> 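The structure is given below, and queries will be raised subsequently.
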Amino acid sequence: MKETDNIFATALEKVPDFVFNEDVVNVFPDMIKRSVPGYPTIVENIGVIAAQYAQPYSLLYDLGCSLGAVTQALRRHVKQPDCRILAIDNSAPMVQRCQEYLTAQQAMYQELVPTQVIQDDIVTMDWQAASVITMNFTLQFIKPEQRLEILKNIYNILDKKGALLLSEKVRFDDSHAQHILNDLHLAFKRANGYSELEIAQKRTAIENVMKIDTLAIHQQRLHDAGFSKVTVWFQCLNFISLIALP
Ligand code: GEK
């Protein structure tokens, strides 16, 4: 059952660092839709874009899959023969619920791309050759000093005709842009029913675990990892989605 996110609705004496635990899993679909502007559009179109880059007989990774929203879009859109998907997340409750959702999807659709959900850490996991890799709001939860190494690993295993699809919340060096887009994001959250208390406590919970970069930093890091072309295909307020090509 999908529940409403009220995790930060009552005042906490001390706000702990945010973790992807059972409580978050229970409200996650509601939380991400009310917090990330453009999320449903991004998810659906990642499926469409991935279908353009997926190669026959290849692997697709969904890294930081959470409950498998992107995995489900990949499974429906990718039509190349003999593809398979590995959906990876390091949160045990996420992986368990993701598996349940994917089983339910299988009962509703035919000819979905076969998928395995695995609990693993993208910082330390073993990599296999792949044609599409999606990281939908996952890199931002990795320590900044570990991000380049992950992107290098991705570049090294990525098919030359494949793509990395990367979505992130970003900040802006330009103080006017930072101010206006951050304020508009807060307005988006208020419009979706979050109170000032919820917004403030969530910010405290997340500030140590989610360090966001500018678009320029992402572009430079992707180039440093080896990617030759980096294109923004979507932006809504301070949330962007990129296609990175080898
Ligand atoms: C979606 N992509 O619905 N290794 C593996 N997974 C990790 C790691 C790690 N080191 N660190 C964090 N995660 C999804 C949304 S949520 C984004 C992705 C958000 C996982 C973490 O457990 C969580 O499930 C996910 O990355 C980030 O399109 O909540 O804003």
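For clarity, every value in this text was computed on a predicted model and none was experimentally measured. We count ligands from 1, going down the list as the structure has it; atoms in each ligand are counted the same way.
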> Are there any N/O pairs under 3.5 Å between ligand 1 and the protein, and if so, what are their distances?
{"unit_1": "ligand 1", "atom_1": "2 (N)", "unit_2": "G64", "atom_2": "O", "d": "2.8"}
{"unit_1": "ligand 1", "atom_1": "2 (N)", "unit_2": "N136", "atom_2": "O", "d": "2.9"}
{"unit_1": "ligand 1", "atom_1": "3 (O)", "unit_2": "Y39", "atom_2": "OH", "d": "2.6"}
{"unit_1": "ligand 1", "atom_1": "4 (N)", "unit_2": "I122", "atom_2": "N", "d": "3.0"}
{"unit_1": "ligand 1", "atom_1": "6 (N)", "unit_2": "N90", "atom_2": "N", "d": "3.2"}
{"unit_1": "ligand 1", "atom_1": "6 (N)", "unit_2": "N90", "atom_2": "OD1", "d": "3.4"}
{"unit_1": "ligand 1", "atom_1": "10 (N)", "unit_2": "D121", "atom_2": "OD1", "d": "2.8"}
{"unit_1": "ligand 1", "atom_1": "13 (N)", "unit_2": "N90", "atom_2": "OD1", "d": "3.4"}
{"unit_1": "ligand 1", "atom_1": "22 (O)", "unit_2": "D89", "atom_2": "OD1", "d": "2.6"}
{"unit_1": "ligand 1", "atom_1": "22 (O)", "unit_2": "N90", "atom_2": "OD1", "d": "3.4"}
{"unit_1": "ligand 1", "atom_1": "24 (O)", "unit_2": "S66", "atom_2": "OG", "d": "2.7"}
{"unit_1": "ligand 1", "atom_1": "24 (O)", "unit_2": "D89", "atom_2": "OD1", "d": "3.4"}
{"unit_1": "ligand 1", "atom_1": "24 (O)", "unit_2": "D89", "atom_2": "OD2", "d": "2.7"}
{"unit_1": "ligand 1", "atom_1": "28 (O)", "unit_2": "N136", "atom_2": "ND2", "d": "2.9"}

> I'd like to check the side-chain contact (heavy atoms from CB on, under 4.5 Å) partners of D173; sequence neighbours left out, ordered by chain and number.
R171, T214
> For F234 together with F239, are the ring centres under 6.0 Å from each other?
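So the answer is no for these two rings.
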> Within a 6.0 Å radius of atom CD on Q96, are there more than 12 heavy atoms belonging to other residues, nucleotides or ligands?
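No.
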> For residues 82-90, which side-chain N or O atoms pair as donor and acceptor with protein atoms under 3.5 Å away, sequence neighbours left out?
{"unit_1": "R84", "atom_1": "NH2", "unit_2": "Q128", "atom_2": "OE1", "d": "2.9"}
{"unit_1": "D89", "atom_1": "OD1", "unit_2": "S91", "atom_2": "N", "d": "3.0"}
{"unit_1": "D89", "atom_1": "OD2", "unit_2": "C65", "atom_2": "N", "d": "3.3"}
{"unit_1": "D89", "atom_1": "OD2", "unit_2": "S66", "atom_2": "N", "d": "2.8"}

> Kindly list each side-chain donor-acceptor pair under 3.5 angstrom involving residues 206-213, sequence neighbours excluded, with atom names and distances?
{"unit_1": "N208", "atom_1": "ND2", "unit_2": "D17", "atom_2": "OD1", "d": "3.2"}
{"unit_1": "K211", "atom_1": "NZ", "unit_2": "E207", "atom_2": "O", "d": "3.3"}
{"unit_1": "D213", "atom_1": "OD2", "unit_2": "R147", "atom_2": "NH1", "d": "2.8"}
{"unit_1": "D213", "atom_1": "OD2", "unit_2": "R221", "atom_2": "NH1", "d": "3.2"}
{"unit_1": "D213", "atom_1": "OD2", "unit_2": "R221", "atom_2": "NH2", "d": "2.7"}

> Would you please say whether a donor-acceptor pair under 3.5 Å links the side chains of T4 and D30?
no
